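Quick caveat, the model's predicted, so the values are computed rather than measured. A, B, ... follow the sequence lines: proteins, then strands. Residue 1 opens every chain.
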Amino acid sequence: MVDLTAKIGALTLKNPIMPASGTFSEDLADVIDMNALGAHVTKTITREKRGGNPTPRVCEVRGSMLNSIGIPSKGIDYFIQNVIPFYQKYDVPLIVSISANNADDFARICEEISVPGVDAIEVNISCPNIEEDGKAFAMRPSTTHQVMTQLRGASDLPLWAKLSPNTGETSEVAQAAEDAGADALVVANTLLSMAIDIHSRKPKLGNLMGGLSGPSLKPITLRMAYQCAKAVDIPVIGCGGISKAEDVIEYLIAGASAVQVGTATFINPTAMITIIAELEAYMAANGMADLSALVGSVRDDDAADAVVFMETAP
Amino acid sequence: MVDLTAKIGALTLKNPIMPASGTFSEDLADVIDMNALGAHVTKTITREKRGGNPTPRVCEVRGSMLNSIGIPSKGIDYFIQNVIPFYQKYDVPLIVSISANNADDFARICEEISVPGVDAIEVNISCPNIEEDGKAFAMRPSTTHQVMTQLRGASDLPLWAKLSPNTGETSEVAQAAEDAGADALVVANTLLSMAIDIHSRKPKLGNLMGGLSGPSLKPITLRMAYQCAKAVDIPVIGCGGISKAEDVIEYLIAGASAVQVGTATFINPTAMITIIAELEAYMAANGMADLSALVGSVRDDDAADAVVFMETAP
Amino acid sequence: MTQTDTAAEVRTSANGEAFEAETVVKSNEEVNGEYRLLILDAPQRILNCRPGQFFHLLCPVTTAHQPYLRRPMSIYGFYPERGELHFLYKVTGEGTRALAELRPGDTLNVLGPLGHGYTIQDDWQNLLLVARGVGLATLAPLAQEARRLGRKLTAICSARSPEVLMSVDLFREMGAEVITVTDAEGTSGMEDIRATIEARIAAGEVDALYTCGSNRMLKLLQDIGAKHGIPGEIALEQQMACGLGMCQCCVRSFRRDNRIVHERVCREGPVFDMQEAMGW
Amino acid sequence: MTQTDTAAEVRTSANGEAFEAETVVKSNEEVNGEYRLLILDAPQRILNCRPGQFFHLLCPVTTAHQPYLRRPMSIYGFYPERGELHFLYKVTGEGTRALAELRPGDTLNVLGPLGHGYTIQDDWQNLLLVARGVGLATLAPLAQEARRLGRKLTAICSARSPEVLMSVDLFREMGAEVITVTDAEGTSGMEDIRATIEARIAAGEVDALYTCGSNRMLKLLQDIGAKHGIPGEIALEQQMACGLGMCQCCVRSFRRDNRIVHERVCREGPVFDMQEAMGW
Ligand SMILES: Cc1cc2nc3c(=O)[nH]c(=O)nc-3n(C[C@H](O)[C@H](O)[C@H](O)COP(=O)(O)OP(=O)(O)OC[C@H]3O[C@@H](n4cnc5c(N)ncnc54)[C@H](O)[C@@H]3O)c2cc1C
Ligand SMILES: Cc1cc2nc3c(=O)[nH]c(=O)nc-3n(C[C@H](O)[C@H](O)[C@H](O)COP(=O)(O)OP(=O)(O)OC[C@H]3O[C@@H](n4cnc5c(N)ncnc54)[C@H](O)[C@@H]3O)c2cc1C
Ligand SMILES: Cc1cc2nc3c(=O)[nH]c(=O)nc-3n(C[C@H](O)[C@H](O)[C@H](O)COP(=O)(O)O)c2cc1C
Ligand SMILES: Cc1cc2nc3c(=O)[nH]c(=O)nc-3n(C[C@H](O)[C@H](O)[C@H](O)COP(=O)(O)O)c2cc1C
Ligand code: FES
Ligand code: FES
C-alpha cells in the first residue's frame, strides 16, 4: 500500500493534490467527490465587497490562458456565514486565500478569518491584477518581509505565502517570507502577460493585461519551486501548469512537498481525481512507500553529458 | 503596393522580419534566400574563445523548448575574418550580437567589433546562462544604465539593447537603456526555466536551468514590448514566440517597429520567408500602405466590456 | 419581482449533477455554408437535459488547430431514447474549426449538462420565440418542451436569405407555427418584427417571449415586453473558461431591485429574465 | 590524419541544399513489436541523398501527442525512381508515438537531406558493418551504395532474438553477406563479435568498419581498428533542435590532433571518423 500523506508543517493532507485558488469553488461538487482532495483552497477574498475586473476576463493563448478576473469578493461576512459551513461537510482541510491592498487591511482580514473551520491561510501577496502594473508585495523581499511580519502577528493559523513569478528575486523573496514566519510557500501565481485581437486591435482582456496560467507556465514555476526548495527550510507547494501525474512527480522531485492544480481543472474538471489515482499507481509500480521517495530527489549534482542514446548495437 | 520598410533609428530594413540571435547562422542559406530578410542577426559572440554549456543543451516542454546553449564562441578574430565576409555577400544589414561578463570586457568587444560590414550591435545584456542564477545586467535599471553608458562610449554604431524577461522592472530597465544611449530595444530574451526527467530524476538540461523560447513565451514578451513602447521613445523590436504573420501583426500593434523570429525557424526553417509574404498579403488585403498603419495602433483606451458576441438575431 | 428572485435562488444552488464524459461522433455534416450539425453517441447519464442548457466541449487538437479551453455550445437536441446529443454550430475560430474536423467514430470529451435553461410557467400557454443563426440551436429544444407541455409556439426564424434558413422543418415538426423573415426579402428589420409580434399580442396570442444573443433583439423584446406586460427570457453568451461557476470570468450585468448585479452566465444562466438583462 | 582533416573541411562547408518539403504517407506499418516502417511519397528534389544522411521530421500534433521540436531520423531508403523515402523507427516517446499515428494519405513535413553521410574510399574493397535495432536504419543505405560501387559487404546484424531480427533480407538482396547474432542464442556478446571480426581481418577480408550509436560498440571497433590499422566510421546521435547547424545544441566531443574539439552532429556529422569519436 502506498501512503500518499503529505505534511505541510503541522497540517497533514491525505494526499499532495489540492486546487489552486481561483480555479475551484463549491460548484465543483457537481462533478467530483470533494472528499478525495488533499485540501480545499478557496478563491482569494478581501474584507470589503469588490466587483472584479471588466470583461472579457479570460482569453486563450497557444496552449494556455490569460485571466484578469481580479478579486470579485462578496466580503468576509458572506464568506464566514456561507462558504466555510459548506466546506465543513468534508473531511478535508480548508485553506482560505486572502488579499488586501495594504498591509494593515491584510492583517485585519487575516485576524478576522482565523475562525474555526479554517485550517490555514494562504496569503495572496502575488496577484498581478490588484496593484498597478503588477507590482505586488511579492515583487520584492522587503515588502514581502514587511507584510508577512504583520500577518504573522495577526493569526496563529498556518500561513502559506503565495509567491509571484513576476519578480526577478525568487530566492530572496522566499527567504524573506520564511524569515517573517511563513509556514509554507505556494510557488507560484500567474505571470503578467498580454494578448491583442489583431482585428479589433483591442487587448483581449478587458483589463489590458492578465496572468498566464496553464502548461506554458510550468517550466517557469517548476524552476521557481526548485529555487525555493533550495533557499528555505519550510515546505514548498508547487503550482503552475500541472495537468497530469507526471507533472506532479516533476514538482515533487524538484523539492515540492505538495502541489496545487489550477487551470487543468477548467479543461478536465476531473483532473485532480485522475492525478491522485495515477500518482498512487505510479508509486505502487515503482515500489515507493510514501512521498519521501520522491520529494527533493532531483539529481542535480552531476550536470554531465547525460544525453540518452537509443539502443543501437549490442 | 505595400511598403514593408521598417526604420530602426538610422537603419532602414527592407521589411520588419529578422532572425533572433542564436537561432540563425550561415547554414540557413542552404534552405532560404538570405536576401529576403530585413536584417541578419548573428549568434552572440564574446572576445575570447568559449566552449558553451554541457549537453543536453535543449529539451522540449509542452509546445515550446528550453535551451542552455551558453555562448560557445570562436572568438572575435575568427568572427571578423570568417563570418562578416560571408554576410557581406548579401544586401541586408548585419547586426552583431555581443556579450561579456563585465562592463570593461563588454566595452572592449563593442569597440573591436565596430568594423566595416557591421551595421548595428545588439547587446546581449540579458542572457540568463552566463551569470549565476540568471542575474544578468538587464535584471536591474542600475546595472543596465552602467553597462550601456560604457558601451555607448565605445562605438558609434547603433546599439540595440536586448532585455530580459527575468526582471520585475521591465519599464525601468527600458528607460535606463534609453537614457544611456541605446538606439533600440530588443524585447526580449528567453525566460529562466527548468525541466526534470522523472525517470532519471536529472534536470533535462546539462546546465540545470535554461531559457524558455517559443509560443509559450509570446504573451509575456508581448506584454513587455507593449510596456517598453509606452516607456521609451526609441524603437522597440519585438521578440518571443513569433511563428506566423498574425504574431508579427500583434507585436506591431502593441508598439514594436520590427520583430525577431527565433525558435520558429527550428520548426520551419522557411518560417521567416512565409511570414514576410503573409504580412505583405495581409496589409494589401486591408489596404495598408506601410507599417505605420499598424505600429502602436493598439486600442488600449477603452478597457470596456468589449466581449464579442455571435450573430444570433436580426 | 418575486418570481425572478425565487428563480435566482434556485439558480445559485447546485444544479444537480454534471459529468465529464467521452462521446463518440455519429456524424458531423455541413448544414449550410458555415453551419454544422454534430451528432454524438452519448451516455444516458448526461442526457437528462433542459432546453437552454449547454455543454462545454473539449475540441480536438490537430496540427492545424490547437484550441486549449473548452467551447460552450447550446444543446440543439437531446434524445435519451436513442442515446443522442445534437449540437448546431457555426465554424468561427480555432475551436469550432477543430470541431469541424471530427469524423464519425472519433471521440469527443464533453462536460454537462450545464447551466439553467428556459422556464415555461404554468400560465404561459402561447409562447413566441425569435431566433437567428446559431440562436436556433439554443431555442430548438424549447419547441420540443412546448409540445410536451401542450403549449402553442410561434417561431420567428430569421436569416440572411431564404436559402440559408435553418431548422424551419424541425420547428414545424414540433407543431410550431413558423414565420420566416430574411434580409434578402427585406422582412427581417426590427420594425417589421415588432409589427408582427405586436399584431399577435393584440390578438391575445403571446404569453411569453424567448430569444437569445443579440443586443438589438434584446432591446426590442424588452421594449415590447415592458409595454405590454409580457414576461420573457433570453439566453446570453460570454467567454467561458470553467463553465461550472468556479472562475467567475463569464459574468454579465443585470438590473435587479434597482441595483446592478453581476451573475455568471455559466451558472446562474445562460438563460436570464428578459427585463433584468442589460444591453452591452 | 590527412584523410580525416580533408573530410572535416568538406563537412564544414555548405552541404549543398536542404529543403523543407511536404510529403504524403504511402504506408506506415509495424515491422516487429516497437519498430515501424514509414514510406513517404516525396518530391524528387529531396531524394538526392547519401547513405548516413538524415531528415528532420515535423511529427503531427494530436489530442494525445503534442511534440514540438522536429525529430531526426536516418534515411533507411531513398528511391528517386519511384519517388519514395523510407524511415525505420522505434516508437519511443511523444514524437515517435505521434509518427506512429500517421495513416496513408496524411501529409508529413520533412526537412532534408541533412548532414554528412558515410564515405567509401576508393581502396576500401571489403566493408564490414555491425548494426542493431534502429542502427539498421542508418546502415542500410550503405549496402546499396556498396553494391553500386561493386564492393563486398559483410553485415553483422544483432538483435534480442532471431524472431526480431530486421532488414536481413534487405542486406542479402543488396548482395551482402549477413551474419546474425542474438542475445537469445548467446552469440551477440562483445567478445563473440570481436572474434568474428578478427577472424575476417586475419583472412584479409576487412578494409573498413562501419557502425552507429552505442558506446560499447564504438569502444570495441575503435580497439579492433587501432590494433589492426583498419579505418572506420560511426554515426552518432545527439538531441537536436534546428538540425541545420544554427543552434549548436547537438555538439559532441572528438579527439583530433591531440586536442578535444566539439562538432555538431547535425552538420559536421552525423557520421564521424571512428577513432576521433569519444565515448560518453
Ligand atoms: C452558453 C453558450 C451557448 C452557445 N451555443 C452555441 C451554439 O449552439 N452554436 C454555436 O455555434 N455557438 C454557440 N455559442 C458560441 C460559441 O461558444 C462560440 O462561437 C465558440 O466558442 C467560438 O469558438 P472558436 O474557437 O471557434 O472561436 P474563437 O473566436 O477562436 O474563440 C476564442 C475564444 O473566445 C470564445 N468565444 C468566441 N466567441 C464566443 C461567443 N460568442 N460566446 C462565448 N465565447 C466565445 C471561445 O470560446 C474561445 O475561448 C454559445 C456560447 C455560449 C456562451
Ligand atoms: C542523426 C540521427 C538519426 C537517427 N535515426 C533514427 C532512426 O533511423 N530510427 C530511429 O528510431 N531513431 C533514430 N534516431 C533517434 C530518434 O531521433 C529518437 O528516437 C527520437 O527523436 C525520439 O523522439 P521521441 O519524441 O519519440 O522521444 P522523446 O524521448 O520523447 O524525445 C524527447 C526529445 O529528445 C530527443 N531524443 C530522444 N532520443 C534521442 C536520440 N536517441 N537521439 C537524438 N535525440 C533524441 C527527441 O528528438 C526529442 O527532442 C536518430 C537520431 C539522430 C540524431
Ligand atoms: C481564472 C483564474 C483565477 C485565479 N484567481 C486567483 C486568486 O484569486 N488568487 C490566487 O492566489 N491565485 C489565483 N489564480 C492563480 C492560480 O491559483 C494559480 O496560481 C495559477 O493559475 C497557476 O497554476 P495553473 O497553471 O495550474 O493554473 C487564478 C488563476 C486563474 C486561471
Ligand atoms: C537555441 C537558442 C540559442 C539562443 N542564443 C542566443 C544568444 O546567443 N544571444 C541572444 O541574445 N539570444 C539568444 N537566444 C534567444 C533568442 O534570440 C530569442 O530572444 C528567444 O529565443 C525568444 O524568441 P523565440 O521565442 O522566437 O525563440 C537563443 C535562443 C535559442 C532558442
Ligand atoms: S465560466 Fe467559469 S464561472 Fe462561468
Ligand atoms: S541541431 Fe542545431 S546545430 Fe545541430
J.: Which residues pass the ring pair (Phe, Tyr, Trp, His ring centres under 6.0 Å) test with D/Phe55, sequence neighbours left out?
T.: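 Counting only residues at least two positions away or on another chain, D/Phe55 forms a ring pair (Phe, Tyr, Trp, His ring centres under 6.0 Å) with D/Phe87.
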J.: Give me the contact list for residues 62-70 of chain C versus chain D, heavy atoms only, anything under 4.5 Å, ordered by residue number.
T.: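 Result: C/Thr62, C/Thr63, C/Gln66.
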J.: Inspect the surroundings of CG in C/Asn48 and state if more than 12 heavy atoms from other residues, nucleotides or ligands are less than 6.0 Å away.
T.: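 At most 12 heavy atoms, drawn from other residues, nucleotides or ligands, come within 6.0 Å of this atom.
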